[in-house]
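What follows is a set of notes on a single structure, which appears directly below.
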Amino acid sequence: MGKVRPRRRLKHAGCLEMSSSNPNNTGGPSASTPRAVPTTPSAPGTSAASDKLLMVRSVDLLKSKDGQNRLEHHTDAYFSDKLIVRRGQTFQMWIEFSRPFNPKSDKLQLQLKLDPIFTSNPGIRISVPLVDVLEDGCWEMKIVEQKDKSVRLAVNTLPTASIGRYRVTVESFSPRGRLLFPCTPNDIYMLFNPWCEDDPVYLDNEAERKEYVLNSMGRIYYGTEQQIGGRTWNFAQFEQGILEACLLLLEMGQVAMTEWRDPVIVSRMVSALVNSNDDRGVLMGNWSDSFEGGTSPTAWSGSGDILRQYHKNSGKPVKFGQCWVYSGVTTSVLRCLGIPTRCVTNFSSAHDTDLSLTTDIYLDEKLELIKDETSDSVWNFHVWNESWMTRPDLPAGNGGWQVVDATPQELSQGSHRCGPTPVSAVRNGQVDLKFDTPFVFAEVNSDRIYWQKKPDGSLSQVHVEKSSIGQRISTKAVGSDARVDITHLYKYPEGSEEERIAVETASRFGSKPTFYPSPTDNDVSIEIVMDGTGPRIGEDAKLSIVLKNTSSKQRTASLLYEVMVMYYTGVLKDTVKKDRIPIDLKPQETKTIPWTLQYKEYMNHLVDQGALMLTVTGRVNQTKQILATQFNFRLRTPDLILTPLEEAVVGKELTVKITFQNPLSQVLKNVLFRIEGLGMQSVRKIEHGDVEKLETVTLMEKFVPTVSGSQKLLALMDCRLLTQVHGFSDIVVKPELNEQYQCKAF
């Protein structure tokens, strides 16, 4: 696909459908009545026809989904009967007058008004004059065809225009006077344009534009760095009512509409408004055990229901969200508005509250974990967004992907928001560049420091892990469901000269340096190892503790291990098991110690996500070396299996079998299934009731596809005792049979 200049879309071929054969067939005139503004009488010699008022009979915005405007502006997927265009491109429209338009004596212009609906903020007024030749960078229109009493106009828009819903009024001038014709309810929705090279969100790769703007389905990754899980998410940015919800959200931001032209300001505003901590945002966060009065974050499988609820309730927050839900909704909003956006997951993500570029872990005199000593935490995973745009407010080289994070973690300029942060600035340690670069840098670069608290309250550093934070940063591939590792975009290889310079650059702005002395006599190493993809929920969890003595002498120690239930945010809950293991290592010996956590030991302790953390500490008797390590793992859940039982055809009933087996020796209470996708405009909810221990459940669900092409059908099981159970099926929907026959005949 070539680059789109502001005038690139100007065409002089015949119109499509109703307009090409009969330009007067506009689907009925507007209900509005023209208003006359009297002027002086016409001059002598004016023709009789031109001596009459130039009244607008009807306006056709050519807004059909499969018409020229919507197709050329890549907005044909929106489930809407409105004209939706992208800025920086021309669009076309027909106007029918009461008499033929006379270019010598008549004049014409459009009045566009961008007014708030829910607030009293000032709006924007734009006059679009009629010209002979369209020029770049101007609001203008030109007559490209005239038939009897109708004219077809090509309307040029600015690539820097404010996005939003514009009300249209046609203003006609003739020797007899001026008339105004409001086109209500035929409004124009204007979006950012990644196809226009003069738009700051321009993306020069067509495959990437299809993925990051037009794809309504995506993958969001979760779990741990060694157990990466993926869930399909329905962004639903084209579904009915979503565009209106997104524009309502922008109004809630109380930012002047003149700022709606800037993707930097819009994305920063969205990062604040998708959470509800400081304003009338979309989602209320909840990281507790109870989700009464709302929906568990793990039960959402898409953004459509969330944004529709928000719009229906006029800006009342929806309950509840956690990071992947915030990221999914942010992607939906920004893609809907035309900003290329993707979900990104950072594994072992540091939440560094004091921007020290360290995450601190404290042990007592007995080397037991002190659980409430620090406000820092390491999330098993954290999901944020990246949006593509230029950054004219920053030094050259900082355009491209920008981190935008709507999960409410820390205040930024008085509001819970984060970004847009240049990924390039994070990589180079340029934490002085806006916005929120120190926080994002710490999320992927912190050192994990173990401290021992002495009897007098002082601290001594006993162990440093310099490469455990910011692992396997992941996003969905372009054009497939594969996972792509983009860690290299955020930081240079560990130990490289570039990495050292980046950390030193960032450390100059931190509250304390990140250079620490290494413990002496460090000749015993400890590591926790997991086989394969790890344990499944309902089964015993088996890991291995591997110790290696690199010295030529015997080493002995007493290891203390403690396994705790944790939230995915790194917050610890209950201790499940705790014990000591005596260790005797021969010179140069590597010893593997099997470690098992039985199902009966953890079955009554799990919280959302089934995450656990194993901490192992100890002191080598001969050298006093402190051994310390932590290992986060999750208990993997089963998938839902979706199987279409026949060929999928538009308008024809399709049966899909959905299968699930309860892996637990416990009854699942009040099970709810949620299904979406396949062109449906809402989520289907099935209240199934209880599922007995180890029982297999089979659902037979019927659908009638409405859209042809490659589709996805998503299913999710919601149950308090067992979360993160979901599945999807790729389904190719064929056109209606009569359409297929027409194609063959053609």
Side-chain angles (χ1 to χ4, degrees), residues 224-226 228 344-352 355-361 376 378-382 397-398 401 403 421-433 437-451 461-475 483-530 546-551 570 588 590 616 623 625-632:
T224 68
E225 61 184 279
Q226 296 193 29
I228 296 178
V344 172
T345 302
N346 178 38
F347 292 96
S348 293
S349 185
H351 183 179
D352 184 9
L355 301 184
S356 63
L357 303 183
T358 68
T359 302
D360 302 308
I361 300 166
D376 290 348
V378 177
W379 295 28
N380 283 355
F381 68 95
H382 179 49
N398 287 291
W401 289 117
V403 172
T421 308
V423 173
S424 60
V426 174
R427 189 175 194 234
N428 292 312
Q430 296 172 300
V431 296
D432 57 320
L433 299 181
T437 311
F439 184 78
V440 179
F441 183 88
E443 286 183 298
V444 300
N445 280 291
S446 293
D447 293 339
R448 199 194 301 245
I449 311 295
Y450 291 80
W451 303 88
Q461 177 193 322
V462 295
H463 185 61
V464 181
E465 293 177 358
K466 298 187 72 67
S467 59
S468 62
I469 301 299
Q471 299 297 305
R472 303 185 74 179
I473 302 174
S474 301
T475 192
R483 183 185 68 86
V484 175
D485 192 308
I486 57 171
T487 308
H488 63 283
L489 298 181
Y490 282 83
K491 51 187 183 179
Y492 294 101
E494 191 73 30
S496 66
E497 178 69 8
E498 295 90 344
E499 187 260 350
R500 184 187 64 81
I501 293 173
V503 172
E504 288 181 0
T505 301
S507 298
R508 292 202 298 267
F509 299 92
S511 60
K512 60 184 178 183
T514 57
F515 301 100
Y516 301 92
S518 299
T520 58
D521 298 324
N522 190 9
D523 54 20
V524 176
S525 64
I526 184 170
E527 181 184 14
I528 300 172
V529 177
M530 178 181 65
V546 180
L547 295 113
K548 185 175 182 179
N549 177 14
T550 59
S551 76
Q588 302 296 321
T590 298
V616 181
T623 63
Q625 175 193 346
I626 300 297
L627 304 174
T629 189
Q630 290 182 328
F631 186 81
N632 299 338

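Start at 1 with the first residue, then count along the sequence.
- Side-chain atoms of Gln471 and Phe381, non-hydrogen and from C-beta on, never get closer than 4.5 Å to each other.
- Looking only at distances, no side-chain donor or acceptor of Asp447 sits under 3.5 Å from a matching main-chain atom of Ile449.
- When the ring-ring contact (aromatic ring centres under 6.0 Å, His included) test is applied to Phe347, no partner is found at least two apart in sequence or on another chain.
- Classified by interplanar angle (parallel below 30°, tilted 30° to 60°, perpendicular above 60°), the ring pair Phe439/His351 is perpendicular.
- Between the side chain of Gln625 and the backbone N or O of Val524, at least one donor-acceptor pair lies under 3.5 Å.
- The OG atom of Ser468 lies 9.0 Å from the CD atom of Gln630; values are rounded to the nearest 0.5 Å.
- At least one donor-acceptor pair closer than 3.5 Å links the side chain of Thr487 to the backbone N or O of Ile473.
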Does Ile361 form a side chain to side chain contact (heavy atoms under 4.5 Å, CB included) with Arg448? I'd like the steps, not just the answer.
CA-CA 7 Å; Ile361 300 166; Arg448 199 194 301 245; 3.3 Å; yes
Go through the steps for Val546 and Ile528 under the test side chain to side chain contact (heavy atoms under 4.5 Å, CB included), then give the verdict.
CA-CA 6 Å; Val546 180; Ile528 300 172; over 6 Å; no
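- Distance CD1/Ile526 to CD1/Ile626: 11.5 Å, rounded to 0.5 Å.
- Proximity of a side-chain donor or acceptor of Thr358 to a complementary backbone N or O of Asp360 within less than 3.5 Å is not detected.
- Side-chain contact of Ser348 with Glu225: a donor-acceptor pair under 3.5 Å is present, judged by distance alone.
- Annotation: side chain to side chain contact (heavy atoms under 4.5 Å, CB included) contacts of Ala350 (sequence neighbours excluded): Thr359, Ser446, Ile469.
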Val403/Tyr490 under side chain to side chain contact (heavy atoms under 4.5 Å, CB included): CA gap, chis, key distance, verdict:
CA-CA 10 Å; Val403 172; Tyr490 282 83; 3.4 Å; yes
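- Of the N and O atoms on the side chains of Tyr492 and Asn428, at least one donor lies less than 3.5 Å from an acceptor on the other residue.
- Of the possible donor and acceptor atoms, none in the side chain of Gln226 sits under 3.5 Å from a partner among the backbone N and O of Met530.
- Put simply, the side chain of Thr550 gets close to the backbone of Asp523: a donor and an acceptor are under 3.5 Å apart.
- Within the 4.5 Å cutoff, no side-chain heavy atoms of Val431 are placed close to those of Leu433.
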Test side chain to side chain donor-acceptor pair (under 3.5 Å) applied to Ser424 and Asn398, step by step:
CA-CA 6 Å; Ser424 60; Asn398 287 291; 3.2 Å; yes
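- At least one donor-acceptor pair closer than 3.5 Å links the side chain of Ser474 to the backbone N or O of Arg472.
- Checking side-chain atoms of Lys491 against main-chain N and O of Ala502 turns up no donor-acceptor pair under 3.5 Å.
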Would you check, one step at a time, whether the test side chain to side chain contact (heavy atoms under 4.5 Å, CB included) holds for Val440 with Val423?
CA-CA 9 Å; Val440 179; Val423 173; over 6 Å; no
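- To the nearest 0.5 angstrom, Ser467 atom OG is 5.0 Å from Glu494 atom CD.
- A search for salt bridge (charged side-chain N to carboxylate O under 4.0 Å, His left out) contacts involving Glu497 returns Arg500, not counting sequence neighbours.
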